[in-house]
Amino acid sequence: MNRTEQINSLMDAVKHYQKTGQHKQVSIRYNPDSDSVRKILPEDMHISSEGKFYITGKDNRYNLKQYSSQFGQHVRAYRLDRLVVE
């Protein structure tokens with residue numbers, strides 16, 4: 001998947017959430033932890049005062065029922081320029 005496809009999938013998930021209120025999970029590889037795949041539930045897109053684009057949403061690391069009852073979902077922000085594309 002190239003960078004444009006990755007960003008489009010994130011944008012589609014944000015649009016879906018804003019339209020329906022239901023999350024769509026997206027798998028990303030993020031530069032600081034480039035070896036690990038993260039599963040996120042995007043909710044919105046923001047631009048910082050420095051002009052950096054961010055996708056915000058919930059980290060879906062605890063998506064198994066046994067963990068989600070023990071740990072709350074963590075709200076995260078991911079910079080689009082730090083996404084790793086293979």
Side-chain angles (χ1 to χ4, degrees):
M1 180 179 291
N2 67 34
R3 183 171 301 283
T4 301
E5 291 171 333
Q6 181 77 61
I7 291 171
N8 286 343
S9 68
L10 288 164
M11 298 280 287
D12 290 344
V14 167
K15 288 179 200 173
H16 179 78
Y17 176 76
Q18 290 183 354
K19 183 177 179 181
T20 67
Q22 301 211 1
H23 291 103
K24 243 184 180 179
Q25 180 174 281
V26 177
S27 298
I28 63 169
R29 287 189 354 139
Y30 196 63
N31 199 12
D33 302 311
S34 61
D35 290 338
S36 66
V37 174
R38 294 186 180 187
K39 305 217 182 271
I40 63 170
L41 305 170
E43 295 180 349
D44 207 353
M45 183 174 174
H46 300 278
I47 187 167
S48 70
S49 58
E50 295 86 27
K52 307 273 188 219
F53 284 94
Y54 292 85
I55 291 289
T56 57
K58 294 182 179 174
D59 186 8
N60 202 25
R61 165 178 326 199
Y62 305 114
N63 57 352
L64 298 173
K65 288 182 183 181
Q66 66 202 41
Y67 293 113
S68 63
S69 63
Q70 297 170 16
F71 303 101
Q73 297 287 359
H74 301 286
V75 175
R76 302 277 189 204
Y78 295 96
R79 270 180 41 190
L80 292 182
D81 63 328
R82 288 195 176 173
L83 292 179
V84 175
V85 178
E86 300 170 337

Quick check for you: to the nearest 0.5 Å, what is the distance between [X] atom [atom1] and [Y] atom [atom2]?
X: Lys15; Y: Met11; atom1: NZ; atom2: CE; value: 5.5 Å
X: Tyr54; Y: Ile47; atom1: OH; atom2: CD1; value: 10.5 Å
X: Lys52; Y: Arg79; atom1: NZ; atom2: CZ; value: 4.5 Å
X: Ile40; Y: Gln25; atom1: CD1; atom2: CD; value: 9.5 Å
X: Leu80; Y: Ile28; atom1: CG; atom2: CD1; value: 9.0 Å
X: Leu41; Y: Ile55; atom1: CG; atom2: CD1; value: 12.5 Å

May I ask you to test the Asn8-Glu5 pair for a side-chain heavy-atom distance under 4.5 Å?
->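 The answer is no, as the side chains (C-beta and beyond) never meet within the 4.5 Å cut-off.
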Minimum heavy-atom distance [X]-[Y], with the two atoms named:
X: Lys58; Y: Glu43; answer: CE-OE2, 3.5 Å
X: His23; Y: Pro42; answer: CD2-O, 4.2 Å
X: Met45; Y: Val14; answer: N-CG1, 4.4 Å
X: Asp59; Y: Lys39; answer: OD1-O, 3.6 Å

Single-linkage hydrophobic cluster Tyr17~Phe53, side-chain heavy atoms < 4.5 angstrom |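 Cluster IDs for Tyr17 and Phe53 differ.
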Can you establish whether the number of heavy atoms outside Gln22 located under 6.0 Å from its atom CD is more than 12?
->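 No, CD of Gln22 has 12 or fewer neighbouring heavy atoms, counting only those of other groups under 6.0 Å.
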Counterpart residues, side chain to side chain donor-acceptor pair (under 3.5 Å), relative to Ser48 (two or more places apart) |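 Checked Ser48 against side chain to side chain donor-acceptor pair (under 3.5 Å); matches are Glu50.
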